[in-house]
Amino acid sequence: MSKRGRRGGARSRNDGWEESGGYMAAKKCKLDIQYNEMVSLEQTKEGTSSNIFNGISIYVNGYTKPSSDELKRLMMLHGGKYCHFFSKTNCSHVIANNLPDSKVKDWKYVKTVKPEWVTDSIKAGKQLSCTPYTLYVAPSVMQPTINFAKVSEDQRHMSETATVCKAQSVCNTSTHVPSTNVQKVNQNAQTKDSRNEGFIKEFYDNSRLHLISTLGAEFKDFVTKLHQTGEKVFPGRQRLLEHGIYAQSPSKQEQVIMHIDMDSFFVSVGLRNRPDLVGKPVAVTHSKGKMVQPREGTDFEYELSHWKGFSLSGNTNLDADTKQELVRSSVELEKSVSMAEIASCSYEARQAGVKNGMFMGPARKLCPNLVPIPYEFEGYREVAHILYNVVASYTHHIEAISCDEMFIDCTDILQSTGISEEQLASTIRDEVKDKTGCNASIGIGPNILIARMATRVAKPNGQHLVHIDDIQHFIAKQLAKDLPGVGRKTCIKLQALGVTTCSDLQAISLAKLQKEFGAKLSESLFEFARGKDDRPIQMEKERKSVSAEVNYGIRFKEQTEVTRFINDLAEEVQTRLRRLELKGRTLTLKLKVRKSDAPKETIKFLGHGICDSIAKSTQLISPTDDAQSISKQCLALIKILNVEPEDYRGVGIQISRLERNDKLASKSASILKYMKQGTNIPDTASVHIPKVLPDLPTLKLDNPEPGGHASVPKQAKTPTGIAAQGSSDYMVSPSQIDENVLQELPKDIQDQIRKEMRLHQMKKINTAAGGKQTQEDVVPKQETLSISSLRQSPTIKSPKKKSPSKNSPKIFKVPKGSKVVKKKKLSPKKIVFQDPNQHEIPPPVRHNKTSIDVSIKPVVSSQPEEIEFCGARSINEVKLLIKEWLYNTDTPLQEDILMLVEYLVQLVVAKNLEEVYLLSKFLHRHVLRIDTGEWKRAVDIIEQKVNDVIHSIYSSKLKLSN
DNA sequence: ATCCTCCCCTAC
DNA sequence: TAAGGTAGGGGAGGAT
Ligand SMILES: Nc1ccn([C@H]2C[C@H](O)[C@@H](COP(=O)(O)OP(=O)(O)OP(=O)(O)O)O2)c(=O)n1
Ligand SMILES: [Mg+2]
Ligand SMILES: [Mg+2]
């Protein structure tokens, strides 16, 4: 049933075809093991050693005059290093006799020289210049290797389009490179945080999590394309046939799933050229191993007690107390800890209790001998590419999970080749090992779940097959916390239920599970505990969002710094969207804000510490990928959220409701603009509106907001209900309600609206003066903003503190000279309003539909200039214009839409609701005729937007549709 | 019922 | 010092 397929067993079978397979890897497959001994051997050996190759790492390609073995020996003898596997990060020089086309790309960042450079240098007793030995592109014979054309192409493409993390230095292995040591001397003066220019790039260049996210996304995309368009050519599978590895079990019709995952991925890559560390506890981390004194102003106890679990001692399912104790004791004992995270640790380190994601300090306590090794971002990328290419040479039936992990459905491979699961697994593992120097483990089972769980058993460097008949036996003894979907929280709940193993879990009824967990999780727990899983292998994954966030190094003092950072981050989002050729309709701003009682200094240097998370989203008027629009919306949201600059600890921007970027649409000119300008501007000269208007109002749609977005001006007073929830500090300040609606409008209109709002607010307050309803009236039942934590926070500016900017925060003060006059008075016709919030309706009428007499509005007013829409004044003119626009445009441009919104809003402000109403109906009617999704959405947005403003002023909405 | 927004959780 | 990103599933609760 289940056996640990060891490499040795498979090896003999492979020997046959490796020779003739033509893989470059096959040439050097046996070298790695010997390396360790040889190093020590060579070092103790007497003879003419030197250090002329100090800082040099060579990779030998192809057949060379002195053999690669000999070159290796020479390098070791003369202070250089020898790489078994090429990587930009590890190898400073490639030694070869010729330079094949296929390698040019890979090698373009390193020196490629002939072997004589080595031998001559040794003869000369010094390192000679490479120049005379440099190889140039020769139209040489491409090795007629397996024709991977398609895959390789894609692979290269991936490498190119990827956000390239700059290779720090050509050779950053442990051997120091004297010449490049100059690097970070000048920048020490000041700490680099979010206020510094270029911080975002520097951060991303050093973020492992960013790297694995990026890589993961690339591979998902790669597999998607592979499946959609890839030629179904499987050289690997072909080889299996040719070399007669076939067995005799043709009647496999059960599904067979494999889960392939690199062993301690980052560590494996890092150890490729550090054979001396193999077998030792090793961790990949930014920490160099020096202990770090706690800084002034940090509060260790505080962070310990509030810590959400994940960070301080690792992403484990241990209970919080244990971890706290661990951290606390390591602090007490050592008096200093490194708060650098461990990305990956070797299995030796795991034995001591070290886990991926743990901080270095606590890890050191668990494992005093833990050896830190540096990141090698390029190496991870390369190895991951090879992994995926190897697997893709056997099947395209792949589900990419991450850069080091995937599922494959190998039912058809087994069918068509007749080999066994174990044979296939070891073949793949061997090939990966040969080509990358890293171990992969494989779990095999009849479904995804079992394959995944089998990998745990297989690791490290093994494979494990679970036959369908053994599922029950196998799953029963697995730990429940290892089931997919069971993380920290769920684990705690399971513990409370007395569940440890899947066997325990089986004893819990579905009903009981549902009391503790949600519907979905309950169901999957129930099924998984029995080894059942019907999830299919998903080869094609459609992305649903694009985001960029930074929760490290965020420190601001001034709002201007926040603004600048948002601009930069929006730029980053734009870059990502454009690279993916996507635009989005929904924008979400995510902030991390220092918890009110958290110290300003975090334990971790520039970390985010203990925070509240806030998210706020907004609809974009049209699919957007434009940095300016994005930034503008974010800033509007930020204004609403009203956070003290000093309390920001994290910022993120997410774009969702994605659409493919239709390049055609963006080319169409703005008709309205055209007409408008046409009246003023003689001719074609500059008829075309610059694509990016500096203040292009990429509309943001204020979301109608669950619980009633704070579109109604409120008095600052907090109702008890909300206060009890403790989140009142996050309350939107009255002057900023609908800020993001207002933001988009011209200043003068903004001001008018604000005045109107205040006026109406007064009225309302007066009306409801004695009534109890007031409370509800003034503040929405449900908090508008999402605050992950219900705690109070001093973090948010109270409204009055708000800078004395253009928005007067005073609600009660009637603006002097308040003058708003409707331009033309229409008949006092009744208009139907739809009340968004019945209970907010002022006393007289309490009904779903409320009639408001249009004529009540104009009290004071003045509208100095006529309101006009592209020159059109009368409603009929406007209608004509709209019609022309409607029937001559396929996709409405957002600037046009905005212009109309602007016009309608002016009408609203001028209290000409009737016209607004008529125009809306008109628009509706005609759009129905056109019947395009684009136009429907546009009209929705227009109406929503206009209604937001109406709502702000009247606390009711105009019923527009029909 | 079904949608949407905001949140939490999980995974790598 | 240190580089705590990113995407998706899913649930609660309000709007429609
Ligand atoms: N908290 C984490 C988890 C993972 N990773 C990175 C480093 C890992 O090497 C890589 C792959 O994650 P895995 O979960 O596959 O873990 P490893 O490959 O390190 O170990 P294993 O042998 O358990 O797969 O992702 C990380 O940076 N931080
Ligand atoms: Mg792994
Ligand atoms: Mg993995």
Side-chain angles (χ1 to χ4, degrees), chain A residues 191-193 199-217 219-220 261-262 265-266 285-288 290-295 308-312 315 336-341 343-344 356-357 359-360 375 400-405 483-491 517-521 524 541-554 576 586 588 590 592 602-609 611 613-619 649-650 652 654 656-657 703-709 780-789 834 836-837 961:
Chain A
T191 60
K192 272 249 186 175
D193 63 26
F199 172 76
I200 292 182
K201 182 187 183 313
E202 175 165 348
F203 169 68
Y204 280 136
D205 280 354
N206 289 286
S207 164
R208 79 193 199 274
L209 290 174
H210 171 69
L211 193 269
I212 64 175
S213 294
T214 306
L215 281 181
F219 286 114
K220 282 168 192 169
D261 188 305
M262 303 300 291
F265 184 44
F266 286 13
T285 168
H286 282 302
S287 161
K288 308 274 188 328
K290 286 187 299 184
M291 285 299 157
V292 181
Q293 298 296 329
R295 284 161 297 122
K308 290 282 196 298
F310 185 86
S311 335
L312 281 186
N315 185 12
S336 57
V337 238
S338 165
M339 299 299 283
E341 277 184 39
S344 179
N356 287 0
F359 287 149
M360 199 50 188
Y375 285 93
I401 298 299
S402 73
C403 60
D404 90 323
E405 187 174 345
L483 291 171
V486 177
R488 199 178 65 92
K489 297 287 191 182
T490 310
C491 183
F517 312 99
K520 297 288 185 175
L521 183 56
S524 59
K541 304 214 178 186
E542 194 179 3
R543 182 190 269 276
K544 293 175 178 158
S545 66
V546 174
S547 67
E549 45 201 279
V550 179
N551 296 311
Y552 175 84
I554 299 297
R576 295 185 191 185
T586 300
T588 304
K590 306 173 179 190
K592 277 194 188 297
T602 55
I603 296 179
K604 187 190 182 104
F605 176 67
L606 293 180
H608 58 52
C611 290
S613 316
I614 306 176
K616 181 126 184 69
S617 61
T618 187
Q619 298 291 110
R649 289 294 180 272
Q654 182 184 58
S656 50
R657 287 177 69 209
N703 39 346
E705 200 51 314
H709 170 51
K781 279 197 304 264
Q782 190 211 329
E783 180 43 83
T784 327
L785 313 177
S786 11
I787 293 105
S788 67
S789 149
Q834 192 172 38
N837 252 4
S961 38

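So you know, we letter chains A, B, ... as the sequences are listed, proteins then strands, and number each from 1.
An OP1 or OP2 oxygen of B:dT10 is reached within less than 4.0 angstrom by a side-chain nitrogen or oxygen of A:T490. For C:dT6, the OP1/OP2 oxygens have a side-chain nitrogen or oxygen of A:H210 closer than 4.0 Å. Not one side-chain nitrogen or oxygen of A:K520 sits closer than 4.0 Å to the OP1 or OP2 atom of C:dG9. For the pair A:R543 and C:dA7, the criterion of a side-chain N or O lying under 4.0 Å from OP1 or OP2 is met. Checking the phosphate oxygens (OP1, OP2) of B:dT5, a side-chain nitrogen or oxygen of A:Q619 falls inside 4.0 Å. Applying the 4.0 Å criterion to OP1 and OP2 of C:dA2, one finds that A:Y204 has every side-chain N and O outside that range. When the side-chain nitrogen and oxygen atoms of A:S545 are compared with OP1 and OP2 of C:dG8, one or more of them lie within a distance under 4.0 Å. Contact annotation: A:N551 side-chain N/O to C:dG5 OP1/OP2 distance is under 4.0 Å.
Proximity note for A:S213 (side chain, C-beta onward) versus C:dT1, C:dG5, C:dA7: the nearest is C:dG5. Listed nucleotides C:dA3, C:dA7, B:dC12 differ in distance to A:E202; the shortest reach to its side chain belongs to C:dA3. With distances taken from any side-chain atom of A:E405 to the nucleotides C:dT1, B:dC12, C:dA3, the minimum falls on B:dC12. If you check C:dG11, C:dG5, B:dC9 against the side chain of A:K489, the one that comes closest is B:dC9. Of the candidate nucleotides C:dG9, C:dT1, C:dG5, C:dG9 has the atom lying nearest to any side-chain atom of A:K544. Nearest nucleotide to the side chain of A:E341, out of C:dA2, C:dA3, C:dT6: C:dA3. Candidate nucleotides C:dG5, B:dC12, C:dA7 were compared by shortest atom distance to the side chain of A:F203, and C:dG5 ranks first.
With a 6.0 Å cutoff to the six-membered ring centre and a 45° limit on the axis angle, A:R576 counts as a cation-pi contact of A:Y204.
To the nearest 0.5 Å, atom CZ of residue A:F203 and atom CG of residue A:N551 are 7.5 Å apart. We find the CG-CZ distance between A:N356 and A:F266 to be 9.0 Å, quoted to the nearest 0.5 Å.
A:R576 comes within 4.0 angstrom of the backbone, heavy atoms only, and of no base. At a threshold of 4.0 angstrom between heavy atoms, the contacts of A:A217 with the nucleic acid are absent. Counting non-hydrogen atoms under 4.0 angstrom, A:L483 reaches the backbone sugars and phosphates but no base. Across all strands shown, A:T588 has no heavy atoms under 4.0 Å from either base or sugar-phosphate atoms. Residue A:G485 is in sugar-phosphate contact alone, with no base atom involved, counting any heavy-atom pair closer than 4.0 Å across all strands shown. Using a 4.0 Å heavy-atom criterion, one finds that A:G607 contacts the bases of the nucleic acid, with or without backbone contacts as well.
As rounded to whole Å, 14 Å separates atom C1' of C:dT1 from atom CE of A:M360. Remark: P of C:dA3 and NZ of A:K201 are 18 Å apart, rounded to the nearest angstrom. Taking atom CZ on A:F517 and atom C1' on B:dC8, their separation rounds to 15 Å, with Å as the unit. The NZ-P distance, from A:K616 to B:dT5, rounds to 10 Å in whole Å. Regarding A:H608, its NE2 atom lies at a distance of 7 Å from the P atom of C:dG5, rounded to whole Å. Spacing between atom CZ of A:F219 and atom C1' of B:dC12 amounts to 13 Å, rounded to whole angstrom units. Atom CG in A:L211 sits about 16 Å away from atom C1' in B:dA11, given to the nearest Å. One can place CD1 of A:I401 at 13 Å from P of C:dG8, the figure rounded to the nearest angstrom.
Ring geometry for A:Y375 against A:H286 counts as tilted: the plane angle lies between 30° and 60°, on a 0 to 90° scale.
Between A:C403 and A:F265 there is a side-chain heavy-atom pair separated by less than 4.5 Å.
Remark: A:K520 engages no residue in a salt bridge (Lys or Arg N to Asp or Glu O under 4.0 Å) (not counting sequence neighbours). Under the side-chain hydrogen bond (donor to acceptor under 3.5 Å, both in side chains) criterion, A:D261 pairs with A:K459, sequence neighbours left out.
Comparing A:K592 and A:A519 by the nucleotide of DNA chain C whose heavy atom lies nearest to each, the residue mapping closer to the 5' end is A:K592. Nearest-nucleotide mapping onto DNA chain C: of A:Q654 and A:S207, the residue sitting toward the 5' end is A:S207.
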